[in-house]
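Since the structure comes first, as structure tokens, the remarks are kept for the end.
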Amino acid sequence: MEQSIFETLLYSFIILAVSVTGMILYRKEIMFLLRGKKCQGRIVNWMSAVVGGKRYYYPMIEFTPEGFERQLFRAEDRCEGEPMFEPGTEVVVKYLPSDLEYRKVIYPKR
């Protein structure tokens, strides 16, 4: 009987420790899922860069989050060869209001 209680407490502690560690490591992602907001944005231009001998294009995205000034940033998404969308293409930007650097661009379906 004692062995069973000890094992139950041990497993409970391990599960709790793993859960807390996961929540600490992924707190930004969890907050992004729970509190992220969406707004309209658009591709204003493309930047190109040569990486490893290949030319990649990165979209420059402009959006205005609620309660903030207009934001302009280079998305981490990239395409090879030529830009996938024309400048002026509407996109959706999901962002974290407490950290505008934490954002995701949702592109239109092709």
Side-chain angles (χ1 to χ4, degrees):
M1 185 71 172
E2 268 184 43
Q3 184 71 17
S4 177
I5 293 173
F6 176 74
E7 286 178 1
T8 302
L9 288 174
L10 179 63
Y11 292 138
S12 297
F13 175 75
I14 290 171
I15 290 170
L16 181 64
V18 169
S19 298
V20 169
T21 302
M23 291 178 76
I24 290 170
L25 291 175
Y26 294 103
R27 67 185 174 281
K28 276 270 196 189
E29 287 82 2
I30 293 168
M31 294 300 292
F32 188 72
L33 289 173
L34 296 175
R35 296 200 177 145
K37 292 188 175 187
K38 292 181 181 179
C39 71
Q40 286 297 116
R42 68 185 177 98
I43 298 172
V44 294
N45 206 349
W46 289 86
M47 291 180 66
S48 67
V50 177
V51 179
K54 293 183 181 179
R55 181 165 300 280
Y56 293 100
Y57 292 90
Y58 298 85
M60 294 294 297
I61 308 292
E62 175 184 79
F63 75 108
T64 306
E66 184 180 325
F68 294 94
E69 295 180 5
R70 180 177 66 98
Q71 304 288 311
L72 180 66
F73 70 97
R74 187 194 89 172
E76 292 301 315
D77 307 313
R78 67 183 186 184
C79 56
E80 185 180 339
E82 63 182 57
M84 291 177 57
F85 300 102
E86 295 291 322
T89 301
E90 297 289 321
V91 296
V92 175
V93 179
K94 186 173 180 181
Y95 64 95
L96 193 57
S98 61
D99 183 2
L100 293 179
E101 297 293 317
Y102 204 84
R103 58 201 165 219
K104 178 183 176 187
V105 179
I106 303 165
Y107 298 94
K109 301 219 185 286
R110 292 201 114 218

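- Judged as a side-chain contact (heavy atoms from CB on, under 4.5 Å), and not counting sequence neighbours, the contacts of Ile24 are Val20, Arg27.
- Among pairs with a residue in residues 56-72, those fulfilling salt bridge (Lys or Arg N to Asp or Glu O under 4.0 Å) read Arg42-Glu62, Glu62-Arg70, at least two apart in sequence or across chains.
- Residues in residues 79-92 take part in no salt bridge (Lys or Arg N to Asp or Glu O under 4.0 Å) pair, two or more places apart or across chains.
- Annotation for Met23 and Ile30: closest pair CA-CD1, 4.1 Å, computed over non-hydrogen atoms.
- When hydrophobic clusters are built by joining Ile, Leu, Val, Met, Phe, Trp and Tyr residues whose side-chain heavy atoms come closer than 4.5 Å, directly or via intermediates, Leu100 is not grouped with Tyr102.
- For the side-chain contact (heavy atoms from CB on, under 4.5 Å) test, residues two or more places apart in sequence or in another chain that qualify with Pro97 are Lys37, Tyr95.
- Taking each heavy atom of Phe32 and Lys104 in turn, the nearest pair found is CZ-CB, 3.9 Å.
- Under the side-chain contact (heavy atoms from CB on, under 4.5 Å) criterion, Met31 pairs with Arg35, Leu96, sequence neighbours left out.
- In this structure, Arg78 has no salt bridge (Lys or Arg N to Asp or Glu O under 4.0 Å) partners at least two apart in sequence or on a different chain.
- In terms of heavy atoms, Gly81 sits closest to Tyr57 at O-CE1, 3.2 Å.
- Among residues two or more places apart in sequence or in another chain, the ring pair (Phe, Tyr, Trp, His ring centres under 6.0 Å) test is passed with Tyr107 by Phe85.
- Taking CZ of Arg55 as the start and OG of Ser48 as the end, the distance is 4.0 Å to the nearest 0.5 Å.
- Every residue two or more places apart in sequence or in another chain that forms a side-chain contact (heavy atoms from CB on, under 4.5 Å) with Lys38 is listed here: Val92, Lys94, Ile106.
- Considering only heavy atoms from C-beta on, Gln71 stays 4.5 Å or farther from Thr64 through its side chain.
- Residues Tyr56, Tyr58 make up the rest of the hydrophobic cluster containing Val51, defined by ILVMFWY side-chain heavy atoms closer than 4.5 Å, directly or through other members.
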Listed pairs under 3.5 Å, donor-acceptor, residues 9-18 side chains, sequence neighbours left out:
{"from": "Ser12", "atom 1": "OG", "to": "Thr8", "atom 2": "O", "distance (Å)": "2.8"}

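- In this structure the side chain of Val44 never reaches within 4.5 angstrom of the side chain of Ile61, judged on heavy atoms.
- Side chains of Val105 and Pro59 form no contact here, defined as non-hydrogen atoms less than 4.5 Å apart.
- With sequence neighbours excluded, the residues satisfying salt bridge (Lys or Arg N to Asp or Glu O under 4.0 Å) with Asp99 are Lys28.
- Partners of Asn45 under the side chain to side chain donor-acceptor pair (under 3.5 Å) rule, at least two apart in sequence or in another chain, do not exist in this structure.
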